[in-house]
**Student:** 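Got a structure for you, written out below as structure tokens; questions coming shortly.
Hydrogens, waters and symmetry mates play no part in the numbers below; they use all other heavy atoms, side chains included. Naming convention: chains lettered A, B, ... in sequence-line order (proteins, then strands); numbering from 1 in each chain.
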2 protein chains.
Amino acid sequence: MTSPEAPGSGSAGQAVPVRIGGMESSSATSGGSTRREATRQKLYEAAVTLIAEQGFSATTVDEIAERAGVAKGTVYYNFASKSVLFEELLRHGVGLLTASLREAAELTERTGGNKVDALDAMVRAGLVFIDRYPAFTQLYVAELWRTNRAWQSTLMVVRQEAVAVVEGVLRDGVANGEFSEEIDVQLTAAALVGMVLVAALDWKSFQPERSLDDVHSALSRLLQGRVSGRR
Amino acid sequence: MTSPEAPGSGSAGQAVPVRIGGMESSSATSGGSTRREATRQKLYEAAVTLIAEQGFSATTVDEIAERAGVAKGTVYYNFASKSVLFEELLRHGVGLLTASLREAAELTERTGGNKVDALDAMVRAGLVFIDRYPAFTQLYVAELWRTNRAWQSTLMVVRQEAVAVVEGVLRDGVANGEFSEEIDVQLTAAALVGMVLVAALDWKSFQPERSLDDVHSALSRLLQGRVSGRR
DNA sequence: GTTTTTGCACTGACCAGTCAGTTCAAAACC
DNA sequence: GGTTTTGAACTGACTGGTCAGTGCAAAAAC
């Protein structure tokens, strides 16, 4: 099940039954069995594609259960409600993205790259993420600017974490003179995120045969202002 | 004429409502009453905000009718179904955007601007549009990359019309040497659209007190590569 | 007199969430 | 070893409610 979607905690090896306490702090249901974790994972995977395709409200719990190969009751055994399932899915997915962006930025830092390099590395990290989890990305974009929804506040927090990584790099770049002091950090960060997001979704939807490198270099060019003019 | 048929009665064919290419609704209002047009307009306005907030499936026809101050029967007198109403709304809205972009590009052309100016004018036109119709924009973004929905093909056609305007300017710019020949027109256009879309939605959602000029200048800077480095 | 809107009762499909009952692997016991 | 008990995990039929779409007679608008 190295399935193509549903950001889940790695691909939980289903062979190894022993899994000692390590990592995750969320204690609550400690003693969590592996079986349960596997079921949740299957549910995430089923839900993410269905919701990306049809939207949250148009996706039924029966469908999710069916695609996960599980009874409907199991969904409710594992999650308090349909929207809790969704909320948890969102939190998890964006967490992965944030970690990935942060790592890209830090790696560049450590290997002595400048801030433009960091930005470029983050663009690539974003593309890699979208390449791996297109459905999740799609669903995220669809929900991000909605108001009046149960998971709105969760989403906002989680979004801010991701955007903050980009903003941080921009701010650092301004501080060390690499970027103009005139730039508006917040707006520029949003614009950069949008650039990657939309270009990548278009790539996946309308010309999926293109390579990641292709897309990356097009965006790099734009990012570095190598669009206009000669050369 | 895509003249509105009588209230879809008969249980007749409910075969997939996907129908491409319908001509523009008569702008001339030929014969068509203005009253009807006004009712439709009210329904569009009611539907757009509700659907932007809640999504298509979570929005009920009763709600739409109520917010429009109209009886439910009227909705069905004017539109064959809920999804037809939505589809027409999409077509209508994107039509406005496309016209606006095209106008911006042409005006720049006529007043002797170069292609960068045209792009910049289109960015502004996009911002003005989003400023005026934030709910529509939001809803459009939420639906754009969905698959498996009834109005998918309509959306695709209409999206292409809008993106094509941007692509056209880019292509012209490449042709006259203003832009590098290396740019990927399609991807760059998508990225530019994304930049404006996401920056503007963030603006509206998270810092609505900013002025349009503010946002525009931040994007202009990015567009012209005046972000990094020197002056 | 024709078109459009209203109001409202009605139907049939669909769906989130529930709950009494089943499964089965590991623990407890002999 | 073999047997019994336990309980977490899972099942799926069922319920109560919701909602798209219908039908139609009468009023309003043009």
**Student:** Quickly work out the A:Arg40 CZ to D:dA8 P distance and round it to whole Å.
**Tutor:** 15 Å

**Student:** Under 4.0 angstrom, heavy atoms only, what part of the nucleic acid is A:Val70 near: base, sugar-phosphate, or nothing?
**Tutor:** sugar-phosphate

**Student:** Atom CG of A:Leu50 and atom C1' of C:dC15: how far apart are they, to the nearest Å?
**Tutor:**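 Taking atom C1' of C:dC15 as the reference, CG of A:Leu50 is at 15 Å.
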
**Student:** Find the distance A:Arg36:CZ to D:dA9:P and express it as a whole number of Å.
**Tutor:**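 The distance from CZ of A:Arg36 to P of D:dA9 comes to 5 Å, rounded to the nearest Å.
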
**Student:** Charged N to carboxylate O below 4.0 Å: is that the case for B:Arg91 and B:Glu87?
**Tutor:**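 The answer is yes: the pair qualifies as a salt bridge.
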
**Student:** Please report the distance, rounded to the nearest Å, between CD in B:Glu37 and P in C:dT3.
**Tutor:**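 So the two atoms are 17 Å apart, to the nearest Å.
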
**Student:** Within the 4.0 Å heavy-atom criterion, would you say A:Lys72 contacts the bases, only the backbone, or no part of the nucleic acid?
**Tutor:**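 Base: the residue A:Lys72, judged by heavy atoms under 4.0 Å, touches a nucleobase.
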
**Student:** Charged N to carboxylate O under 4.0 angstrom, A:Arg210 versus A:Asp202?
**Tutor:** no

**Student:** From the list C:dA16, C:dT4, D:dA20, which nucleotide is the closest neighbour of the side chain of B:Val61?
**Tutor:** D:dA20

**Student:** May I ask you to say what A:Thr74 touches in the nucleic acid, namely base, sugar-phosphate or nothing, with a heavy-atom cut-off under 4.0 Å?
**Tutor:**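 The residue A:Thr74 makes base contact.
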
**Student:** For A:Gln152, does the CD atom have more than 12 heavy-atom neighbours from other residues, nucleotides or ligands under 6.0 Å away?
**Tutor:** yes

**Student:** Starting at the 5' end of DNA chain C and moving along, which residue's nearest nucleotide shows up first, A:Ser81 or B:Lys42?
**Tutor:**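 Result: B:Lys42.
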
**Student:** 5'-most contact on DNA chain D: A:Gly73 or A:Asp62, nearest heavy atom basis?
**Tutor:** A:Gly73

**Student:** Quickly work out the A:Phe86 CZ to C:dA16 C1' distance and round it to whole Å.
**Tutor:** 17 Å

**Student:** Report the relative orientation of the aromatic rings in B:Phe86 and B:Trp151; use parallel for angles under 30°, tilted for 30 to 60°, perpendicular for over 60°.
**Tutor:** perpendicular

**Student:** Inspect the contact between A:Arg171 and A:Glu167 and indicate whether a charged nitrogen and a carboxylate oxygen are less than 4.0 angstrom apart.
**Tutor:** yes

**Student:** Between A:Ala80 and A:Glu63, which is nearer to the 5' end of DNA chain C once each is assigned its nearest nucleotide?
**Tutor:** A:Glu63

**Student:** If you compare every side-chain N and O of A:Thr39 against the phosphate oxygens of D:dC10 (OP1, OP2), does one of them come in below 4.0 Å?
**Tutor:** yes

**Student:** At less than 4.0 Å, is any side-chain N or O atom of B:Asn78 found next to OP1 or OP2 of C:dT5? Yes or no.
**Tutor:**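 Yes, B:Asn78 has a side-chain N/O under 4.0 Å of OP1/OP2 on C:dT5.
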
**Student:** Name the nucleic acid region contacted by B:Thr59, choosing base, sugar-phosphate or nothing; use a 4.0 angstrom heavy-atom cut-off, strictly under.
**Tutor:**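 Sugar-phosphate only.
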
**Student:** Choose from D:dA8, D:dC19, C:dT5 the nucleotide whose nearest atom is closest to any side-chain atom of A:Tyr77.
**Tutor:**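 Among D:dA8, D:dC19, C:dT5, the one nearest the side chain of A:Tyr77 is D:dA8.
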
**Student:** Once you round it to whole Å, what is the distance between P of D:dA13 and CD of A:Glu66?
**Tutor:**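 One finds 13 Å between P of D:dA13 and CD of A:Glu66, rounded.
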
**Student:** Can you figure out which of D:dG21, C:dA16, C:dT6 approaches the side chain of B:Tyr76 most closely?
**Tutor:**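 Selected nucleotide: D:dG21.
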
**Student:** Counting side-chain heavy atoms from C-beta on, which of D:dG21, D:dT11, D:dC19 comes nearest to B:Lys82?
**Tutor:** D:dG21

